[in-house]
Amino acid sequence: MELFKILQIWQAALPVLLVGLKITVQLTVIAVLFGSIIGLFVALAKLSNYKLLRYPAIIYIEFFRGSPLLVQLFLFYFGLPQLLGHPVDRFMAAAFVLSLNCGAYIAEIFRAGIQSIERGQMEAARSLGMTHAQAMRHVILPQAFKRVIPPLGNEFIIMLKDTSLVSVIGLADMARTGQLIIANTYRALEIWFLVAIIYIIMTVMISEFFVNRMERRLKAGDRS
Amino acid sequence: MIVAKNIHKSFDQLKVLQGIDLQVKEQEVVVVIGPSGSGKSTFLRCLNLLEEPSDGEITIDGMNVTAKNADINKIRQNVGMVFQRFNLFPHKTAIENITMAPMKVRKLSEQEAQKVARDLLAKVGLQDKENAYPDQLSGGQQQRVAIARALAMKPKVMLFDEPTSALDPEMVGEVLSVMKDLARDGMTMVVVTHEMGFAREVGDRVLFMDEGRVIEEGTPEQIFGNPQNERTRAFLNKIL
Ligand SMILES: Nc1ncnc2c1ncn2[C@@H]1O[C@H](COP(=O)(O)OP(=O)(O)OP(=O)(O)O)[C@@H](O)[C@H]1O
Ligand SMILES: [Mg+2]
């Protein structure tokens, strides 16, 4: 029976795919975590009055948003060793590039979130004698975080899918693993379908557990 | 308490303030009136440096506000401000709105700050609303919390920028009554408002501003009863 055969193929492929999935998940978690931290500080730098902070932030964002992730991976994996004089670890290079790439997008998300908070909030905080940093930390950012959860979740999903590009520098993430299995089994339809389903399960998990739950929990606190 | 000399403010080419002088004595209540766009808000915001004057000198409680090395945050602790749109922090409850600055800026403990906040909430008649979020409060209640929030820093001067003009008519009274109590307790106040009843009752002086200048100045009786300047008369005719 056809269905039975598909299940057999899947059963054989799944353990191997899960090894690749581990790489995919690791890279996604690293990129999203460091990307968020980088993004927050770069957003604040871009909104700063100091040119010395603002211009580097703008250049960083434009570089990583303006060039293809593929090119960035090549540049850091194949180009950087030329500068350093020794090869770089594939996983490190991928984690580094994905974090920086993610950070650039998240910086723009945070910047927009911060700017969406009414000017009166900052003015009220400053008029009470709070410093700019205190006002940011206690008044502006908590409100901005809440507003950026949906676009942030969206960015995390994009990141998860974009990790599949690391196969170009020879990392065996889930997509690359699928490709290798197909090279041995010639079962392109069944395997790619399974790979797609696993990606979808994960993206749905991100949007359900992260976005919906976070949104609900934060909304419970206040209703604005 | 407040001395402002020859305050100018321009936004690019637009001259919004063209030489404002103001002296406010301790415990005095000065009411500022004038048509829309005359620069009332801008002037008030210059007093706590939310806007930086292009020219002129401001001293508040002996501290030079406009000096290059002025400690803005220190000065602002002495100058409370109440905004037309309340500007409460929506992610904080009423009491958290009030305790935030005393804790972060004056470094009070949470207990001390809460005690101050509860006293102030009682003073503005909202002791039972301490755990309400701003969007659970009416406009009038929000503005009273905003007044309490400013008072929690124990300012020497309070600035009010049209504190009742965003309110439904039935809520104007409750906010004005809090402000009247404050004036009677001896707070030094500069109030931009078109509430003539308030101005007559607690105002020591009324300033009429137009096109970035103080056109006429006097007691509420003089300004409302017998305005000398033609523009003042025209303006009062329109709003009364
Ligand atoms: N940040 C700014 N940038 C440019 N122009 C401004 C700015 N703030 C105020 N203005 C302009 O300055 C003028 C005076 O504004 P201001 O808000 O001080 O008037 P107002 O007397 O308070 O008026 P209203 O009664 O409408 O509140 C207006 O023409 C306004 O457009
Ligand atoms: Mg105004």
Side-chain angles (χ1 to χ4, degrees), chain A residues 36 40 43-44 47-51 54 109-153 210-224, chain B residues 41 44-45 47-51 71-94 96-107 131-137 142-143 145-155 157-161 166:
Chain A
S36 299
L40 174 60
L44 292 172
L47 291 171
S48 162
N49 287 328
Y50 300 107
K51 289 193 175 108
R54 198 166 65 235
I109 292 172
F110 278 145
R111 181 196 52 77
I114 291 168
Q115 284 184 320
S116 77
I117 306 300
E118 305 66 43
R119 210 167 59 129
Q121 292 289 308
M122 178 57 89
E123 292 185 345
R126 296 305 305 274
S127 78
L128 292 162
M130 293 168 80
T131 63
H132 183 85
Q134 286 174 326
M136 263 293 165
R137 176 144 181 258
H138 301 290
V139 176
I140 306 297
L141 288 180
Q143 297 182 61
F145 280 141
K146 211 170 299 178
R147 281 192 202 175
V148 301
I149 287 171
L152 214 51
F210 182 77
V211 182
N212 291 349
R213 288 227 173 160
M214 280 270 271
E215 244 180 322
R216 243 178 281 138
R217 221 184 71 199
L218 285 167
K219 280 219 173 95
D222 80 279
R223 313 169 320 144
S224 71
Chain B
S41 299
L44 215 57
R45 293 158 57 83
L47 293 178
N48 69 351
L49 289 191
L50 283 183
E51 302 287 356
D71 183 351
I72 305 179
N73 298 319
K74 186 86 201 146
I75 291 161
R76 285 183 178 143
Q77 293 174 36
N78 289 324
V79 185
M81 186 159 204
V82 175
F83 301 86
Q84 185 171 0
R85 315 213 60 90
F86 329 136
N87 296 347
L88 288 181
F89 308 135
H91 60 305
K92 298 284 177 190
T93 61
E96 288 167 347
N97 262 275
I98 302 172
T99 56
M100 184 189 288
M103 284 167 62
K104 302 298 172 202
V105 180
R106 287 218 193 276
K107 310 289 179 201
N131 292 319
Y133 282 92
D135 69 347
Q136 297 169 317
L137 298 171
Q142 287 186 55
Q143 192 62 299
V145 173
I147 294 173
R149 178 176 70 176
L151 291 175
M153 290 302 284
K154 307 219 184 309
V157 176
M158 285 283 285
L159 310 174
F160 293 84
D161 190 2

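Atoms considered below: every heavy atom in the structure, side chains included; atoms not considered: hydrogens, waters and symmetry mates. Chain identifiers are assigned alphabetically (A, B, ...) following the order of the sequence lines, protein sequences preceding nucleic acid strands; residue numbering begins at 1 within each chain.
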Side-chain contact, heavy-atom cut-off 4.5 Å: [X] with [Y]?
| X | Y | value |
| --- | --- | --- |
| B:Met81 | A:Leu128 | no |
| A:Glu123 | B:Arg45 | yes |
| B:Met100 | A:Val139 | yes |

Salt bridge check: are B:Arg85 and A:Glu118 linked by an N-O gap of less than 4.0 Å? no
Euclidean distance, B:Lys92 NZ relative to A:Gln143 CD, rounded to 0.5 Å: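 If I round to the nearest 0.5 Å, the distance is 10.0 Å.
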Roughly how far apart are A:Arg126 CZ and B:Leu49 CG, rounded to 0.5 Å?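 Taking CZ in A:Arg126 and CG in B:Leu49, the distance rounds to 10.0 Å.
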Chain B heavy atoms under 4.5 Å from [X]: which part of the residue, side chain, backbone, both or neither?
| X | value |
| --- | --- |
| A:Ala125 | both |
| A:Gln121 | both |
| A:Arg119 | side chain |

Under a 4.5 Å heavy-atom cut-off, does chain A meet the side chain of [X], its backbone, both or neither?
| X | answer |
| --- | --- |
| B:Phe89 | both |
| B:Arg106 | neither |
| B:Leu88 | backbone |

Backbone of A:His138 reached by a side-chain donor or acceptor of B:His91 within 3.5 Å: yes
Where the side chain of B:Asn48 meets the backbone of A:Ser127, is there a donor-acceptor pair that is under 3.5 Å apart?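 Checking the backbone N and O of A:Ser127 against the side chain of B:Asn48, no donor-acceptor pair under 3.5 Å is found.
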Should we count CZ of A:Arg54 as having more than 12 external heavy atoms under 6.0 Å?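 More than 12 within 6.0 Å, yes.
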Using a 4.5 angstrom heavy-atom cutoff, name the option from B:Lys74, B:Gln77, B:Met153, B:Arg149 with the most pairs to chain A. B:Arg149
